[in-house]
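Comments concern the structure below.
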Amino acid sequence: MKKALKIIENVILELIIVILCGYLVLRFTKKVEIYKVETGSMEEGIHAGDYLLIMKQGNYEVDDVVTFEKDGKHITHRIIRKNGNKIVTKGDANNTEDGEIDESAIIGKLLYKSKLLNFVINFKYAIISLCLAGYLITCYFEKKDDDKKEEEVTEWKIKY
């Protein structure tokens with residue numbers, strides 16, 4: 001049973017490390033950005049308070065949900081028309097289209113959205129601390145078990 005728990009613990013820890021390393025590489029290469037939704041302009045699919053994982057793409061198509069910068073603000077809306085380098089977007093819950101923008105204003109395409117990401121971002125230091133504490137506690141008890149086994153072997157050798 002202890003061996004199975006140790007295997008599960010190692011797999012979870014390694015998975016967390018791989019995900020964090022992958023995310024950091026993408027962030028440092030500026031291929032991924034995270035934005036928090038402030039309005040309900042994309043309601044039904046994307047809600048105010050959701051966090052969005054936006055990834056830079058080489059090409060954007062009609063129906064892609066993209067984040068772009070306009071007048072110093074970041075806006076996430078759906079592409080409804082594309083004419084060469086010019087793009088027209090609209091929020092799913094809006095009645096009117098946005099003005100035409102240049103494709104170069106697009107920061108990236110929606111890759112993932114989640115309220116869970118909100119939790120992870122807000123409590124990232126607590127989550128990392130808990131994972132590290134759990135790992136250290138496990139290592140401590142594993143070391144104690146190893147010392148106890150070594151003690152038993154030594155006693156057995158001395159007795160016989």
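Note that the structure is a prediction, hence the values are computed from the model and not measured.
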Are Lys90 and Asp98 ion-paired here, with the side-chain N under 4.0 Å from a carboxylate O?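 Asp98 and Lys90: not salt-bridged.
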Any donor-acceptor N/O pair, Arg78 side chain to Asp63 backbone, under 3.5 Å: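 It does hold such a pair.
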Is it true that a side-chain atom of Lys113 and a backbone atom of Gly45 form a donor plus acceptor pair closer than 3.5 Å?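 The answer is yes, because a donor-acceptor pair under 3.5 Å joins these two groups.
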[atom1]-[atom2] distance between [X] and [Y], expressed to the nearest 0.5 angstrom:
X      : Y      : atom1 : atom2 : value
Asn85  : Ile101 : CG    : CD1   : 10.5 Å
Ile75  : Glu69  : CD1   : CD    : 9.0 Å
His47  : Met42  : NE2   : CE    : 11.0 Å
Ile106 : Thr76  : CD1   : OG1   : 11.0 Å
Thr39  : Asn94  : OG1   : CG    : 7.5 Å

Non-hydrogen side-chain atoms of Ile87 and Glu100 separated by less than 4.5 Å: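 SC-SC contact between Ile87 and Glu100 ruled out.
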Classify the angle between the aromatic ring planes of His77 and Phe68 as parallel (below 30°), tilted (30 to 60°) or perpendicular (above 60°).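 The rings of His77 and Phe68 stand perpendicular, inter-plane angle above 60°.
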For [X] against [Y], the heavy-atom pair lying closest together:
X     : Y      : answer
Ile54 : Leu110 : CD1-CA, 3.8 Å
Ala48 : Glu43  : N-OE2, 3.5 Å
Ala93 : Gly40  : CB-O, 3.5 Å

When you group the ILVMFWY residues by side-chain heavy-atom contacts below 4.5 Å and let the links chain together, are Tyr60 and Val65 in the same group?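 Each belongs to a different hydrophobic cluster.
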So if you build clusters from Ile, Leu, Val, Met, Phe, Trp, Tyr with side-chain heavy-atom gaps below 4.5 Å, do Val66 and Ile107 land together?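 As far as the 4.5 Å side-chain criterion goes, Ile107 and Val66 are not connected within one cluster.
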Indicate whether any N or O donor in one side chain lies under 3.5 Å from an N or O acceptor in the other, for Asn59 and Gln57.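 Their side chains do not contain a donor-acceptor pair, so the 3.5 Å distance test is not met.
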Applying side-chain contact (heavy atoms from CB on, under 4.5 Å) to Glu103 and Lys82, what does each step give before you reach the verdict? CA-CA 9 Å; Glu103 190 170 357; Lys82 186 175 178 183; 3.9 Å; yes
Go through Glu97 and Ile80 one step at a time and tell me if the side-chain contact (heavy atoms from CB on, under 4.5 Å) criterion holds. CA-CA 9 Å; Glu97 300 174 350; Ile80 58 169; 3.4 Å; yes
